[in-house]
Amino acid sequence: MTERVYLHVGAPKSGTTYLQRILEANRGPLADAGVLVVGETHLDRIHAAMVVREDPRLDSLPERASTAWDRLVEQVRGWRGPVAILSYELFAGASAEQVARVLRDLDGIEVHVVITARDLGRAVPSAWQERLKFALTTPLEKWRPRPESAGVRAEWGWRTMDPAGVAARWGAELPPDQVHVVTVPTTPGDEHELWRRFAAACSIDPPGLRLDVERVNESLGLPAAELLRRVNGVIREPITGNREQALWLRDTLAHGILAKLGREPIGLTDKQYADATSRADAAIGAIAEAGYAVHGDLEDLRATRPDARTPGEASDAELLEVAVETIVRLLVLVRERTHERDAARRTIARDPDEPRVVALGKGVVRRITAPRVEGRAEDLRARIAELEAEVARSRELQLRVAELSDVVTELLLPPRSTDGRVTAKALNTYRGQSL
């Protein structure tokens, strides 16, 4: 029976993906040591956090999403070992009332809250970038993280990034020694030091865990981030709404293309740095005064400022270079997806003549895996529907690539340096040769 549950509730951009990858990669060894990694899939945890935060976007998701939190609670209560760990960063935005309901649902189990936190100066451009992936058009120089009062939907603001505020809401009904603040190391050293701090907070130390997980850096370099911001300014149907923006702006353009085009760091304005410094100082004082369990050094939270430009300082020439490379990579992506679609169609066409022994083998596999698949079937069907729609739009994406060239031209060439007739002729030629 589960005796303790560790709720890793945030903050975003504080090494959470790295920690979650280690947990996922070591489900077996951790289970052998009596530790449950809660949630069959990452999507389960995303939906559970949305349920806890009463996110209205649940209304547009499959019905199964609305029961995600109840399913995770059942997993925790049904576990035969002593420890369970649930990790997802956007639990951080929950209100005090929502946290109280979570604790009631886990009544009878010793609850510990774990908050990972980083240098608050570096958190500002990271949060701005995440908002860019959902069509933000505000330049960094004019942007401010939303305040705590913005509510539970303010996923990329001080409500989720300030560890003292998160700890106050999630730890209000818990003893201080059951609230753990894990700081992200700021000095070079052991690449797995963050994991060691997190593992200490969760009181887990089974031998033989695999720590060499793939690290995915989804941050954008300075010119790429500014290019995405300008694209956002002219984006139009059908790329509107969270789901479309997540698929095309975040996954396809930002993560799939732009994140690979340079790593120039992004700086802060004087005002942003001063705000981050003030908040970091206040957070360090509040955490120390509350007596929470600290794993690492609270000095790691001090705001620092990279010696770097801000995105508004990127030149038109830099943006044009990134834009051209983006168009090339998008064309290659369209080509690859077209080949994948054609290959899938050829495979489907061969199915009627499939040898009987192969079909029989597939039937055996289905029977063996049925218990695990059954619980996830609805989520998978929804995802398949999304993928089918994406394949159907693959041809349309070629047209969008051509339109992107129009956008780049209009954004990056000063109006007085262009001749409308010449530009139109060039664009028509591009379309004729490219499609």
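Treat the numbers as computed from the prediction; the structure is a model and nothing was measured.
With rounding to the nearest 0.5 Å, the separation of NE2 in His8 from CD1 in Ile85 is 10.0 Å. Within the model, atoms OG1 of Thr160 and NZ of Lys13 stand 11.5 Å from one another, a figure rounded to the nearest 0.5 Å. Between Leu194 atom CG and Thr116 atom OG1 the span is 7.0 Å, to the nearest 0.5 Å. Rounding to the nearest 0.5 angstrom, the gap separating the CG atom in Leu209 from the CG atom in Leu23 is 9.0 Å. Here CD1 of Ile115 is found 10.5 Å from NE2 of His295. Values are rounded to the nearest 0.5 Å. We find the CG-CG distance between Leu249 and Leu253 to be 6.5 Å, quoted to the nearest 0.5 Å.
Between the side chain of Gln98 and the backbone N or O of Ser95, at least one donor-acceptor pair lies under 3.5 Å. Judged purely by atom type and a 3.5 angstrom limit, Thr277 uses its side chain to pair as donor or acceptor with the backbone of Tyr273. Without hydrogens or angle criteria, Asn232 side chain to Leu132 main chain gives a donor-acceptor distance under 3.5 Å. Within the 3.5 Å criterion, the main-chain N or O of Val9 finds no donor-acceptor partner in the side chain of Glu89. When atom types are taken as modelled, the side chain of Thr269 and the backbone of Gln272 share a donor-acceptor pair closer than 3.5 angstrom.
For the pair Asp300 and Arg197, the salt-bridge criterion is met [side-chain N within less than 4.0 Å of a carboxylate O]. Taking a cutoff of 4.0 Å between a charged side-chain nitrogen and a carboxylate oxygen, Glu130 and Arg250 do not qualify as a salt bridge. Residues Glu97 and Arg101 are not paired through a salt bridge, judged by the lack of any N-O separation under 4.0 Å between the basic side chain and the carboxylate. Using a 4.0 Å cut-off between charged nitrogen and carboxylate oxygen, Arg309 and Glu318 count as a salt-bridge pair. Between Arg45 and Glu24, at least one side-chain nitrogen of the basic residue sits less than 4.0 Å from a carboxylate oxygen of the acidic one, meeting the salt-bridge criterion. A salt bridge does not link Glu74 to Arg71: none of the charged side-chain nitrogens sits closer than 4.0 Å to a carboxylate oxygen. Of the charged side-chain nitrogens involved, none lies within less than 4.0 Å of a carboxylate oxygen, so that Asp281 and Arg279 do not count as a salt-bridged pair.
Lys260 and His255 form no side-chain donor-acceptor contact under 3.5 Å, judged by distance and modelled atom types alone. Side chains of Ser126 and Arg118: a donor on one and an acceptor on the other come within 3.5 Å. Using modelled atom types, one finds no donor on one side chain facing an acceptor on the other under 3.5 Å when comparing Gln20 with Thr17. A donor and an acceptor atom, one from each side chain of Thr310 and Glu141, are located under 3.5 Å apart. No hydrogens or angles considered: nothing links the side chains of Arg229 and Thr137 as a donor-acceptor pair under 3.5 Å.
Glu299 pairs by the salt bridge (charged side-chain N to carboxylate O under 4.0 Å, His left out) definition with Arg302, not counting sequence neighbours. Not counting sequence neighbours, the partners of Arg305 by the salt bridge (charged side-chain N to carboxylate O under 4.0 Å, His left out) test are Asp270. The salt bridge (charged side-chain N to carboxylate O under 4.0 Å, His left out) check on Asp307 picks up nothing, with sequence neighbours excluded.
Contact annotation: the side chain of Arg169 approaches that of Arg159 to within less than 4.5 Å [non-hydrogen atoms, C-beta and beyond]. Side-chain contact between Pro12 and Leu90 is present, with at least one heavy-atom pair separated by less than 4.5 Å. Residues Val83 and Cys202 fail the side-chain proximity criterion, which asks for heavy atoms closer than 4.5 Å. The closest side-chain heavy-atom distance from Leu261 to Arg329 is below 4.5 Å. Between Val102 and Leu7 there is a side-chain heavy-atom pair separated by less than 4.5 Å. Annotation: side chain of Pro306 is in contact with side chain of Arg122 (closest heavy-atom distance under 4.5 Å). The shortest distance between side-chain heavy atoms of Arg57 and Asn242 falls below 4.5 Å. Inter-residue side-chain proximity for Ile235 and Trp248 is flagged as unmet; no heavy-atom pair is nearer than 4.5 Å.
Considering all non-hydrogen atoms of both residues, Leu120 and Ala276 come closest at O-CB, 3.8 Å. Across all their heavy atoms, His192 and Asp190 have their closest contact at N-OD1, 2.9 Å.
Checked against a 6.0 Å centroid threshold, the rings of Tyr88 and His42 count as neighbours.
The aromatic rings of Tyr6 and His180 sit tilted relative to each other, their planes meeting at an angle between 30° and 60°. The aromatic rings of Trp195 and Phe198 are tilted relative to each other, their planes meeting at an angle between 30° and 60°.
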Between Asp275 and Arg144, does a salt bridge (Lys or Arg N to Asp or Glu O under 4.0 Å) hold up when you go through it step by step?
-> CA-CA 9 Å; Asp275 186 21; Arg144 300 288 181 273; 5.8 Å; no

Taking it one step at a time, do Trp158 and Val124 satisfy side chain to side chain contact (heavy atoms under 4.5 Å, CB included)?
-> CA-CA 9 Å; Trp158 290 122; Val124 173; 4.0 Å; yes

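Screening Ile327, Leu320, Thr326, Val322 against Val324 for a side chain to side chain contact (heavy atoms under 4.5 Å, CB included) leaves a single residue, Leu320.
Within 6.0 Å of CZ in Arg335 there are 12 or fewer heavy atoms belonging to other residues, nucleotides or ligands.
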